[in-house]
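Contents: one structure, followed by commentary.
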Amino acid sequence: MLSTTIRLLMRSGTLIRPIITTVRPLSIKPTLINFNEKRKTLINEIPRRWSHVHYTYPMIESRVMLLLRLFDKIDPNSLKLDSKFVQDLGLDSLDIVEITAALEDEFWTEIADVDSDHFLTPRHIIQYLCDKYDIYEHIEPVSAGKEYLEEAKAAADRAHHH
Amino acid sequence: MKQLSLKHFIIRSQAIALYRDIMRTLLKIQDQDYRKEMRDWARIEFNRHRTLKDLGEIRTQIALGRRNLNELKLSMQMAS
């Protein structure tokens with residue numbers, strides 16, 4: 001049964017986030033969806049996942065930490081965000097493979113070998129998943145212009161006083 | 001200090017790929033007790049041959065593991 005209903009969610013009045021209630025099979029030709037004049041998107045460009053669940057950083061963090069706590073080789077009391085798997089928690093490469101397989105199952109995604117080689121702490125896992133789902137609300141924005149403005153102001157003051 | 005040759009490193013990644021295929025297959029088993037049993041069995045088998053140094057023996061064990069994994073997949077298909 002194919003369902004093509006799309007529910008729109010208005011957030012803060014200016015941001016419109018489309019939500020697909022069902023996964024769209026590949027056999028259907030992509031159609032152009034006109035949300036408003038400025039945002040025309042192909043329906044196939046909208047990331048396909050369980051979109052009725054809204055991915056946020058706290059949700060990902062709690063799921064990953066829960067998954068790690070349920071792992072029988074990890075002591076849940078000594079598990080922190082920055083505790084290293086091999087050095088602090090005493091795991092080996094096979095255990096990390098097992099954790100990666102469980103993560104794939106939990107987040108309905110594939111994690112390549114090359115990526116799981118870089119999982120040294122839980123924070124790396126969470127950062128990888130945030131990158132995958134385009135979540136950056138936990139990252140502080142970097143203002144590249146602040147230092148430049150100060151320098152420009154100092155230079156202008158110097159030029160003014162000369 | 002033991003030095004691993006390049007061939008050892010390549011074979012090590014093959015063994016890890018086998019373990020990952022096993023884990024992914026085991027996650028499809030619905031029965032939690034059976035899954036736990038299989039996972040413990042896989043862990044014991046891998047840990048028993050952890051200190052093998054001869055490349056031929058390692059390859060034999062990996063091939064045995066692959067065969068067991070294929071049997072497991074077949075039995076899962078027939079059960080479902």
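Per chain, numbering begins at 1; letters A, B, ... match sequence-line order.
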inquiry  = Under 4.5 Å from any heavy atom of chain B, what part of A:Ile111 do you find: side chain, backbone, both or neither?
reply    =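 Looking at A:Ile111, just its backbone touches chain B.
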
task = Tell me, yes or no, whether the heavy-atom count around B:Arg66 atom CZ, taken from other residues, nucleotides or ligands under 6.0 Å, exceeds 12.
result =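 Yes, the 6.0 Å shell around CZ holds more than 12 heavy atoms from other groups.
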
Report yes or no: do [X] and [Y] belong to one cluster of Ile/Leu/Val/Met/Phe/Trp/Tyr joined by side chain heavy-atom distances under 4.5 Å?
X: B:Tyr19; Y: B:Leu64; result: no
X: A:Tyr136; Y: A:Tyr55; result: no
X: A:Ile126; Y: A:Leu91; result: yes
X: B:Leu69; Y: B:Leu26; result: yes
X: B:Ile11; Y: B:Ile22; result: yes

Chain B-proximal positions within [range] [heavy-atom distance under 4.5 Å]:
range: residues 151-159 of chain A; answer: none
range: residues 57-86 of chain A; answer: A:Phe71, A:Asp72, A:Lys73
range: residues 100-107 of chain A; answer: A:Ala101, A:Ala102, A:Glu104, A:Asp105

query = Considering residues at least two apart in sequence or located in another chain, which fulfil the side chain to side chain donor-acceptor pair (under 3.5 Å) criterion with B:Gln14?
reply =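 Here no residue qualifies.
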
key: Which of A:Leu94, A:Asp95, A:Ile96 touches chain B most, by non-hydrogen pairs under 4.5 Å   =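 Option with the top pair count is A:Leu94.
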
task = Decide yes or no for B:Ile16 and A:Ser93: does some side-chain heavy atom of the first lie under 4.5 Å from some side-chain heavy atom of the second?
result =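 Sidechains of A:Ser93 and B:Ile16: in contact.
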
